[in-house]
A.B. asks: 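Structure in structure tokens, see below.
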Amino acid sequence: MLSREQLFRYSRNILLPEVGVKGQEKLLNSKVLVIGAGGLGAPVALYLAAAGIGTIGIADYDVVDLTNLQRQIIHFTRDVGTEKVLSAKSKIEALNPEVQVITYNEPITSANILSIIEQYDFIIDGTDNFPAKFLINDACVKAKKPFSHGGILRFWGQTLTYRPDGKTPCYRCAFKEPPPPGSVPSCKEAGVIGAVAGVIGSLQVTECIKYLLGMDTLAGNLLFVDLKSMEFNKIPLKKRQSCLCAKDPEQIILLDYSQPVCDLKGEN
Amino acid sequence: MKIEIRLFATFREGRFKKDVWELPEGTKVIDVLNRLGIKPEEIAILLVNGLDAEPDHVLKDGDYISLFPPVGGG
């Protein structure tokens, strides 16, 4: 049963035939994990909170840096020097006090990722490096968890949604292996328009909400977004029979690739 | 034969967005990459006619190649 206040707060959700009161209750009972509270994670966490996702987990072990503020809109000037998870938690709670926020102020590795994602209905990748993106993919495939991948650089972004139905191609089906360290310019070297993170993060939240409501998603495709030329390309992906997602999940071994692409502090 | 090449994001820089090349029969994707000066390991997504392909794919008249670079920031 939604309270009178909830009916008002979520009225623009509830008005949608795809949501309704039942859908809103589903969202309020959902648990979503955001890995990375940076460029992508910031709009993601805010939109999840505004939409009334009942439990939001946030994982990040960085502190807010002045160079983050150009795009990481959940962190404010006064937060410089504060742990990102705490800064994010305080904004979420101010926006929507009924959201429960769980913070993980630690690196996500092959050792802890399975026990963390186990507690969530949907995982959102807001990380800033390829090793983390592959780890999230492999762990979600292994644990049969749905997730949204997002990546940004300069004026470009991409996203894909993984549905653990045994048919959906995973991130690794599309990209196989992390590119060699140093072969792709880092965020710090190449820059990014802050709003590009907002576009991709918003797409990721839309996908997450649709998934939680039982709607069709982008699953099976990669959306490549070029905000310089304003081109959106939806690329159909093929499930690779040689990919680890085609294996018995029990046999999937999680890897911590040694060198992150964007490993400088204050960069995600 | 005529092959269309579509480049995305960074691959357009100093090159082009879309171009049509006249190429001899038997040309492979890797030959096109060499002429473009793009190494296979720089490519995240390589498509021929919108479908996933490998660099040794042999092209046919009217094929189009799409190349996307990796985007992994956050």
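Chain letters run A, B, ... following the sequence lines, proteins first, then strands; residues in each count from 1.
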A.B. asks: Select one option (side chain, backbone, both, neither) describing which atoms of B/Lys39 are under 4.5 Å from chain A's heavy atoms.
C.D. replies: neither
A.B. asks: Side-chain contact, heavy-atom cut-off 4.5 Å: A/Phe175 with B/Pro70?
C.D. replies: no
A.B. asks: For A/Tyr47, look at atom OH and say whether over 12 heavy atoms of other residues, nucleotides or ligands are found less than 6.0 Å away.
C.D. replies: no
A.B. asks: Grab the two heavy atoms, one from A/Lys133 and one from B/Gly72, that are nearest each other, plus how far apart they are.
C.D. replies: CE-O, 3.1 Å
A.B. asks: Which one, A/Gly151, A/Gly41, A/Pro236, leads in non-hydrogen pairs under 4.5 Å with chain B?
C.D. replies: A/Gly151
A.B. asks: What I'd like to find out is whether the side chain of A/Phe224 reaches to under 4.5 Å of the side chain of B/Ser66, using heavy atoms alone.
C.D. replies: no
A.B. asks: Enter the distance from B/Leu47:CG to A/Asn233:CG here, rounded to the nearest 0.5 Å.
C.D. replies: 9.0 Å
A.B. asks: Check each atom of B/Thr10 against the heavy atoms of chain A and say whether the ones under 4.5 Å are side chain, backbone, both or neither.
C.D. replies: both
A.B. asks: I want to check something: taking the side chain as every heavy atom from C-beta on, are B/Glu42 and A/Pro179 in contact at a cut-off of under 4.5 Å?
C.D. replies: no
A.B. asks: Once you round to the nearest 0.5 Å, how far does CG of A/Asp226 lie from CZ of B/Phe68?
C.D. replies: 9.5 Å
A.B. asks: Examine whether an atom of A/Asp125 lies under 4.5 Å from a heavy atom of chain B, and if so say whether it belongs to the side chain, the backbone or both; otherwise answer neither.
C.D. replies: neither
A.B. asks: Would you say the side chain of B/Val71 lies within less than 4.5 Å of the side chain of A/Arg154, judging by non-hydrogen atoms?
C.D. replies: no
A.B. asks: Salt bridge or not between A/Glu231 and B/Lys18? Use side-chain N to carboxylate O under 4.0 Å.
C.D. replies: no
A.B. asks: With a 4.5 angstrom heavy-atom cut-off, is it the side chain or the backbone of A/Ala197 that approaches chain B, or both, or neither?
C.D. replies: neither
A.B. asks: State the CG-NZ distance between B/Asp52 and A/Lys239, to the nearest 0.5 angstrom.
C.D. replies: 14.0 Å
A.B. asks: Does any heavy atom of chain A fall under 4.5 Å from the side chain of B/Ile43, the backbone, both, or neither of them?
C.D. replies: neither
A.B. asks: Set out, in order, the CA-CA distance, both residues' side-chain angles and the distance that settles salt bridge (Lys or Arg N to Asp or Glu O under 4.0 Å) for A/Arg240 and B/Glu54, then state yes or no.
C.D. replies: CA-CA 13 Å; A/Arg240 252 175 233 282; B/Glu54 297 295 330; 3.7 Å; yes
A.B. asks: Give, as side chain, backbone, both or neither, the part of A/Ile200 having an atom under 4.5 angstrom from any heavy atom of chain B.
C.D. replies: neither
A.B. asks: Tell me whether B/Asp61 at atom CG has more than 12 heavy atoms from other residues, nucleotides or ligands lying less than 6.0 Å away.
C.D. replies: yes
